[in-house]
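For the single chain, residues carry numbers from 1 onward in sequence order.
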Amino acid sequence: MTDRNEHRTTRLHYRPRATTELDTQPDAPLWRAAQAFRLVTLVYAISYQIVSVQYYIHQRLSWFLVALMAVWSGLSAVLLSHGKVPRYQVVIADQLIVIALMASTRLVSDHDWYSHHQTLPTTLWVTNAVISAAVFGGPWLGMASGVLMATVSAVVRDQVNLDLWRDATAPVLVSVGLALGLATTTARRAQAQLEQAVRLAAATEERERLAREVHDGVLQVLALVRRRGNEIGGPAAELADLAGEQEVALRMLISEQGAGVASDLGGSVIDVRLLLGTRASTTVSVSTPADPVTIERGRATELVAIVDTALSNVALHAGTGARAYVLLEDLGDEVIVSVRDDGSGIAPGRLAEAEAEGRMGVSKSILGRVGALGGTAELDTEPGQGTEWEIRVPKGDETHG
């Protein structure tokens with residue numbers, strides 16, 4: 001009674017674990033760094049204005065445009081850093097405002113000046129528009145913005161001629177767009193991989209915790225019921241058998257969950273060990289390799305259906321107390337599944353008689369499926385010596401080179 005009472009007091013308690021929330025914006029540091037660079041370039045642009053304003057024909061207008069540049073620099077820095085406004089809108093506005101300020105150079109200076117000097121917003125400040133596009137959309141958008149800004153600069157300065165290749169504006173802007181775009185793409189990919197790793201670690205930790213509690217509670221109770229039922233005998237023996245089957249099934253479920261995340265690759269392939277493992281019971285033993293055996297998902301489903309048919313035949317025809325053994329082997333480009341039992345075996349000619357009687361378990365469910373998969377099936381059986389199926393099936397093109 002002491003053991004029984006102890007088991008009755010065991011309870012499972014689900015305790016959700018708090019996980020540290022990850023930064024959902026892996027490019028946030030790049031945005032902040034980009035806006036810091038924007039403010040630094042604004043200081044340079046203002047310094048350039050102080051030096052150059054004496055050469056402009058419309059000095060007041062130039063100061064107004066510089067003030068507009070300063071306002072936009074601060075506003076865009078805040079909007080892009082915090083993301084309160086959709087960033088694509090700010091990035092588009094950034095491109096348009098920079099182009100407009102570059103074009104305004106022709107309003108404040110004469111041809112002799114703007115054709116030999118930088119545009120009103122200096123090239124360094126113009127780079128901010130390229131950086132914004134690159135951080136937002138990656139290397140291709142960054143390079144496209146760089147080409148656009150370099151083209152506008154050449155047109156505004158009337159430098160579209162054979163000497164354009166001597167100007168470093170285009171290579172610098174395009175290179176910045178490429179470099180920052182690649183950095184952004186790398187940061188986002190790394191963040192996605194980190195989040196996946198954290199999710200897998202959290203799932204594994206929770207699974208291990210539940211497995212421990214199940215082992216200390218439910219499995220212990222099932223083992224006690226099985227042991228006491230066998231000791232009592234009679235009707236209690238049936239309960240003992242049922243408890244034993246559930247104990248084995250639950251142990252298999254726990255072991256599968258321990259390897260499931262790493263083994264089931266999703267998509268078109270699956271680790272066939274997971275499917276075969278669920279067939280284990282008190283009368284069926286399943287042995288599989290230690291490493292994953294990945295097979296095209298549809299083929300794996302058909303292969304397990306073949307095994308199910310063979311195990312069903314064991315339960316129906318092998319006799320009382322017969323045990324079945326399933327062995328999975330991985331040969332690289334194909335797998336071998338052996339289903340063996342220690343039952344009464346099959347008498348000579350019995351399969352032909354069953355097919356003539358319209359019972360298609362072997363001819364259709366086993367041989368038919370194996371043929372459809374492009375594999376082979378061999379049957380070895382003798383009366384009183386049990387039955388063994390050896391099934392060879394190619395993995396499929398998607399699981400091997």
Side-chain angles (χ1 to χ4, degrees), residues 31 33-81 85 87 89-136 141-180:
W31 283 118
Q35 304 326 309
F37 177 79
R38 184 186 295 267
L39 297 180
V40 171
T41 59
L42 176 63
V43 174
Y44 172 75
I46 294 175
S47 301
Y48 182 80
Q49 165 70 9
I50 294 174
V51 173
S52 304
V53 65
Q54 58 183 316
Y55 302 105
Y56 293 156
I57 57 177
H58 297 290
Q59 297 182 3
R60 291 184 178 179
L61 178 60
S62 69
W63 279 113
F64 172 78
L65 295 174
V66 169
L68 179 62
M69 184 195 315
V71 172
W72 175 247
S73 295
L75 180 61
S76 61
V78 173
L79 295 177
L80 290 174
S81 296
V85 175
R87 283 198 174 112
Q89 297 179 3
V90 184
V91 171
I92 292 175
D94 204 14
Q95 311 298 306
L96 296 177
I97 291 175
V98 169
I99 291 174
L101 287 173
M102 292 173 70
S104 69
T105 302
R106 291 198 173 196
L107 299 177
V108 300
S109 63
D110 55 23
H111 182 272
D112 288 340
W113 174 261
Y114 64 66
S115 61
H116 294 88
H117 296 82
Q118 298 184 65
T119 57
L120 177 65
T122 63
T123 303
L124 190 62
W125 189 85
V126 169
T127 306
N128 291 290
V130 179
I131 293 175
S132 297
V135 176
F136 175 77
L141 188 60
M143 289 190 294
S145 177
V147 171
L148 175 62
M149 296 303 162
T151 302
V152 172
S153 176
V155 171
V156 169
R157 297 170 56 216
D158 197 16
Q159 294 292 326
V160 182
N161 50 47
L162 296 178
D163 291 334
L164 182 61
W165 65 273
R166 295 181 179 179
D167 191 351
T169 301
V172 169
L173 293 178
V174 173
S175 298
V176 168
L178 174 62
L180 267 295

If the test is side-chain contact (heavy atoms from CB on, under 4.5 Å), which one of L65, V66, I57 qualifies with V108? L65
Test your reading of the model: is there a side-chain donor-acceptor pair from Q95 to the backbone of A129, 3.5 Å cut-off? yes
Is it the case that atom NE2 in H111 sees more than 12 heavy atoms from other parts of the structure closer than 6.0 Å? yes
Working to the nearest 0.5 Å, report the span between OG1 of T123 and OH of Y44. 8.0 Å
Any chance you could measure N128, atom CG, to T41, atom OG1, to the nearest 0.5 Å? 4.0 Å
Ring-ring centroid check Y114 H117, cutoff 6.0 Å: no
Backbone N or O of V43 within a donor-acceptor pair of the S47 side chain at under 3.5 Å? yes
Shortest non-hydrogen contact between L107 and H58, atoms and distance: O-CD2, 2.8 Å
Given the rule in the side chain to side chain contact (heavy atoms under 4.5 Å, CB included) test, do L79 and R87 qualify, once you have shown the distances and angles that lead to the verdict? CA-CA 8 Å; L79 295 177; R87 283 198 174 112; over 6 Å; no
Nearest 0.5 Å, what's the CG-OH distance between L120 and Y48? 8.5 Å
Minimum heavy-atom distance M143-V174, with the two atoms named: CG-O, 3.8 Å
Distance-minimising heavy-atom pair for A133 and S145: CB-CB, 3.6 Å
As an exercise, state the distance from CZ of R106 to OG of S115, rounded to the nearest 0.5 Å. 9.5 Å
Take a 6.0 Å sphere around CZ of F37 and say whether it holds more than 12 heavy atoms from other residues, nucleotides or ligands. yes
Check the orientation of Y56 and W113. Use parallel for under 30°, tilted for 30 to 60°, and perpendicular for over 60°. perpendicular
What's the separation between atom OG in S73 and atom CD1 in I46, rounded to the nearest 0.5 Å? 8.0 Å
Nearest heavy atoms of I131 and A34, plus distance in Å: CG2-CB, 3.6 Å
Shortest non-hydrogen contact from M69 to A45? SD-CB, 3.7 Å
Taking the side chain as everything from C-beta on, heavy atoms only, tell me whether P121 gets closer than 4.5 Å to T105. yes
Pairs where residues 94-105 contributes a residue and the test salt bridge (Lys or Arg N to Asp or Glu O under 4.0 Å) is met, not counting sequence neighbours: R38-D94
Are I97 and L68 side-chain neighbours, meaning at least one heavy-atom pair lies under 4.5 Å? no
Looking at W31 and V135, what are the two nearest heavy atoms and their distance? CE2-CG1, 3.4 Å
Do L80 and V91 have side-chain heavy atoms sitting under 4.5 Å apart? yes
Output for pair (L101 CG, W72 CH2), nearest 0.5 Å, gives 10.5 Å
